[in-house]
Peer 1: 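Shown below is the structure under consideration.
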Amino acid sequence: MAKTVLLLGVRADLLEAVTRELQTPGIEFLGGTGVSDAESAFRQADIDHVIIGGGLDLEARAAMVRAVFQSSDRATAHMNDQMSGPEGFLPFVRAVLAGLGGYEPRESPNAILRAGRPDSGAG
């Protein structure tokens, strides 16, 4: 099953380079540099994973994570460290995607769904 991955970071040029480097069948990459880009992406696509770069300030990263979980009950969010800088983003994205290769979320009858989907019970 195809996956959609949203990459969020400070530099659009870095996001584009990472996307080019990681072109893989079965994975669609979207990119953005702010919370509004994240919100827009969730309105346009069913996103599986969000990977957030380390160059963004803490408030922006927290707002992006909030947007992910307000928009989706199934998307996962992953934040890169700040120490590795822009050079560390590509290896981080690769590692996250390799680790999630076989992950397919399944809805639990015990889940507390919050994203406000019509079928989520939130609203």
Side-chain angles (χ1 to χ4, degrees):
M1 175 181 253
K3 299 286 182 184
T4 303
V5 177
L6 175 59
L7 303 177
L8 296 169
V10 146
R11 293 178 35 201
D13 64 317
L14 179 62
L15 299 174
E16 291 167 9
V18 168
T19 298
R20 277 193 309 274
E21 182 74 24
L22 293 175
Q23 286 302 312
T24 305
I27 299 179
E28 176 187 5
F29 289 97
L30 305 174
T33 58
V35 174
S36 63
D37 293 331
E39 293 167 342
S40 176
F42 274 98
R43 284 192 299 274
Q44 297 173 23
D46 187 16
I47 296 171
D48 297 286
H49 310 298
V50 179
I51 303 175
I52 302 170
L56 296 155
D57 65 52
L58 181 58
E59 290 76 22
R61 289 162 52 114
M64 288 174 178
V65 170
R66 180 173 286 110
V68 169
F69 293 120
Q70 287 176 336
S71 300
S72 174
D73 286 322
R74 59 180 293 281
T76 64
H78 311 271
M79 291 192 291
N80 193 18
D81 64 89
Q82 295 174 315
M83 180 180 70
S84 61
E87 305 82 13
F89 192 58
L90 176 60
F92 179 73
V93 172
R94 276 193 177 126
V96 168
L97 295 178
L100 291 170
Y103 180 70
E104 189 63 43
R106 301 194 195 301
E107 190 167 333
S108 164
N110 301 310
I112 299 171
L113 304 177
R114 303 184 193 288
R117 297 185 331 223
D119 63 337
S120 72

Peer 1: Apply side-chain hydrogen bond (donor to acceptor under 3.5 Å, both in side chains) to N110 and list each qualifying residue two or more places apart in sequence or on a separate chain.
Peer 2: none
Peer 1: Return the CG to OG1 distance between L7 and T19, rounded to the nearest 0.5 Å.
Peer 2: 5.0 Å
Peer 1: Who passes side chain to side chain contact (heavy atoms under 4.5 Å, CB included) against D37, sequence neighbours left out?
Peer 2: T33
Peer 1: Identify the heavy atoms of F89 and V18 that sit nearest to each other, and give their distance.
Peer 2: CD2-CG2, 3.7 Å
Peer 1: For the residue pair L14 and P86, what are the closest heavy atoms and their distance?
Peer 2: CD2-CB, 3.8 Å
Peer 1: Determine the minimum heavy-atom distance between A45 and T4, stating which atoms define it.
Peer 2: CB-CG2, 4.4 Å
Peer 1: How would you list, by chain and number, every residue that makes a side-chain hydrogen bond (donor to acceptor under 3.5 Å, both in side chains) with E21, sequence neighbours excluded?
Peer 2: R94
Peer 1: Roughly how far, to the nearest 0.5 Å, is CD1 of I52 from CE of M64?
Peer 2: 6.5 Å
Peer 1: Can you list every salt bridge (Lys or Arg N to Asp or Glu O under 4.0 Å) pair that touches residues 4-15, not counting sequence neighbours?
Peer 2: R11-D13
Peer 1: Side chain to side chain donor-acceptor pair (under 3.5 Å): which pairs involve residues 52-62, sequence neighbours left out?
Peer 2: none
Peer 1: Tell me, please, which residues at least two apart from E87 pass side-chain hydrogen bond (donor to acceptor under 3.5 Å, both in side chains).
Peer 2: none
Peer 1: For T24, give me all partners under side-chain hydrogen bond (donor to acceptor under 3.5 Å, both in side chains), at least two apart in sequence or on another chain.
Peer 2: none
Peer 1: Report the residues that fulfil side chain to side chain contact (heavy atoms under 4.5 Å, CB included) with T76, sequence neighbours left out, ordered by chain and then residue number.
Peer 2: H49, H78, L100, Y103
Peer 1: Ignoring hydrogens, what is the shortest heavy-atom contact between L8 and A38? Give both atom names and the distance.
Peer 2: CD1-CB, 3.9 Å
Peer 1: Could you list the residues that satisfy side chain to side chain contact (heavy atoms under 4.5 Å, CB included) with A75, not counting sequence neighbours?
Peer 2: F42, V68, S72
Peer 1: Looking at A63 and V35, what are the two nearest heavy atoms and their distance?
Peer 2: CB-CG2, 3.5 Å
Peer 1: Could you tell me which residues satisfy side chain to side chain contact (heavy atoms under 4.5 Å, CB included) with S84, sequence neighbours excluded, listed by chain and number?
Peer 2: N80, D81
